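In what follows, a structure is listed as structure tokens, so that the remarks can point back to it.
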Amino acid sequence: MASHAPAASLPRARLNPVPMLLSAPALLLFIGLLLVPLALTAILSFSVYDSAMGVGEGHTIANYIAVLTDDYYHEIFTRTLLMSLAVTLFSVLLGVPEAIILSRMRSPWRAIFLVVILAPLLISVVVRTLGWAILMGNEGLINTALLGVGLIDSPLRLLYTMTGVTIALTHVLIPFMIISIWASLQKLDDSVENAGLSLGASRATVLRRVVLPQIMPGILSGGIIVFALAASAFATPAILGGRRLKVVATAAYDEFTGTLNWPLGAAIAVLLLVGMLVVILGSNRIIERRYAQVFEA
Amino acid sequence: MTYLTLDGLNKRYGDLNVVEDVSLQVERGEFVSLLGPSGCGKTTTLQMIAGFVEPTRGKIVLEGRDITSVRPEKRGMGIVFQSYALFPHMTVAENVGFGLEMQGMGAADRARRIQETLELVRLGGLGERYPRNLSGGQRQRVAIARALAIRPKVLLLDEPMSNLDAKLREEMHVELRSIQRTLGITTILVTHDQVEAMTMSDRIAVMYGGKLVQVSSPFDAYERPKSAFASGFLGKTNRIDAKVVQRHDRCFELLANELPLTVPHENESFPDKLQVYVRPEKIRLVPPAESRITATVLTRMFLGSHWALEVDCVLGRLRISVPNVGVAPSQEGQQVHLGWQDDDMRMLAPEANHG
């Protein structure tokens, strides 16, 4: 080994241009389509805005102060946070059993139901959301059915409510949760459950003490994905929430297109980005610290 | 009364008979191996004993109690899985203590038992480690400790050594055997490794095609195989086709390609055409005066403790194992004289060729 070491380190000292050349197109795309617009948005958010003159010269933090001191925006940010947390929670509660049941199905049913669960991803979010709008209306299928069965006396208010938006967003985003849990279930050793049983644990205990802890990284990373997508969701809250039930994404959109206050809209967008980065990086740190000891990379 | 009884166990998957009429009596403290090639039904049999697979027909009786339909978590079997199946999110001590916790044992007793069991498998200081930080051999010891900690009624070992390298495997054979003796724990080992089965077991149950073909002590299984399959699977052997010329009470006179042979038997019935088996190590290179037949050496391989020769003679090609006594035997192409005792030959009725 020792005699080989100098020879082996020689080519490494020279910079190999091939990997850089190969990754250049993707890098350029990434810079051009993500970093540049982000930087422009960030710069825009510090621009001066005047309702008569539009975007003016000079820089200011007035836009941020406006957002951070206004109860109207506090409410929108709080609503977005609560909605995202609720969607994440429901995705976990529904996605975990769904993924576990899916993983225990026999072929060909497993493959068929996996496609059934993932198929909605192939349909535009707008189309799926409009479908929910039809279902949720006062004269929609859900209310007609519930009234017909006699479970309720007057129609449930689903459209233009947080309940409706949360239900629809959970449906839209749950495939991401299931894919994530599915991936960690695939890594599970089949005989680990049998080992738990043979040691005297009931099936429920095996699930709680043996299976769940092992798929926890999958649940948490699925949770991060769902949370991020829910917090930045636009189409579903816009269509099902209507103009009054605003979330951060729709509020930023309205500033850009409605009042044409681009700097304020940019400030809202940047604040959403920062908030999400804090939540995601924070939970990622916690997950890594909690599970790094236990799981092989 | 036998401790564990398998009574006519059958397992069918659709049209496929995976296990057929397996009946076996195991005494308390006995070490029995289920030995056979892959697909012979040995693992399915073990899983039926463990309760993971429900038999299509038959009974499993433990200490006089029928446990055929008892759920696995109520059987109290300790199982060491081929993949070890350790809980990766628990420390070694938590792994070993899991079964005790399920039994409702208090924390102090549990800690003592964990320590005891870890020392038994010589993992004394590693209780706080996670499985991922252990070597393959150490993981296997954890798996054994976890199964032993609950003081199982029966210890079931499912090819536990197949992921270990050869040297470690030999060490574990000796160690596992001594642990099993010390604790007097009834053990059933599933393996396809005949050396493993022979070194550890009190009895070997040879399985083939879902059936038990022979149950006997390792020595008897090797020396007196009851079928061509058992003979070929346990060690190497030479097969010689022969015809019966004269039947006597205690021996037959045979003719194998013009060579007369006298083979002893134990009141078994044989057809006129049969096969004679001789183990390679029973055939010796002898001086011309003691020669039974002469042969030509085709290949010669040195294997350290012995030489493996392949020779050509009137009986066809024979494999011979010559102990290494410091002198190299004849070279390839040379003539040798072969000799063996009549008692070294076994007769078996011909059956489908198992290779």
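Keep in mind that what you see is a predicted model, and the values were worked out from it rather than measured. Throughout, protein chains are lettered first and strands after them, A, B, ... in sequence-line order, and every chain is numbered starting at 1.
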Residues B:Arg57 and B:Asp7 bridged, charged N to O under 4.0 Å: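 Salt bridge: no.
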Salt bridge B:Arg112-B:Glu116, side-chain N to carboxylate O under 4.0 Å: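 Judged by the 4.0 Å cut-off on N to carboxylate O distance, B:Arg112 and B:Glu116 do not form a salt bridge.
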Nearest-0.5 Å distance that lies between atom CG in B:Leu156 and atom OG1 in B:Thr45: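 With rounding to 0.5 Å, CG (B:Leu156) is 11.5 Å from OG1 (B:Thr45).
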Verdict with reasoning, B:Ser33 to B:Thr191, per side chain to side chain donor-acceptor pair (under 3.5 Å): CA-CA 7 Å; B:Ser33 290; B:Thr191 182; over 6 Å; no
Residue pairs fulfilling salt bridge (charged side-chain N to carboxylate O under 4.0 Å, His left out) with at least one residue in residues 88-107 of chain B, sequence neighbours excluded: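 Sorted pair list: A:Arg209-B:Glu101.
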Region of A:Asp189 that comes under 4.5 Å of a non-hydrogen atom in chain B: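 Looking at A:Asp189, just its side chain touches chain B.
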Steps toward side chain to side chain donor-acceptor pair (under 3.5 Å) verdict (B:Arg141, B:Gln138): CA-CA 5 Å; B:Arg141 285 160 195 271; B:Gln138 288 170 329; over 6 Å; no
Contact residues of residues 63-86 of chain B (partner chain A; heavy-atom separation under 4.5 angstrom):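 Near chain A, by residue number: B:Pro72, B:Glu73, B:Met77, B:Ile79, B:Phe81, B:Ser83, B:Ala85, B:Leu86.
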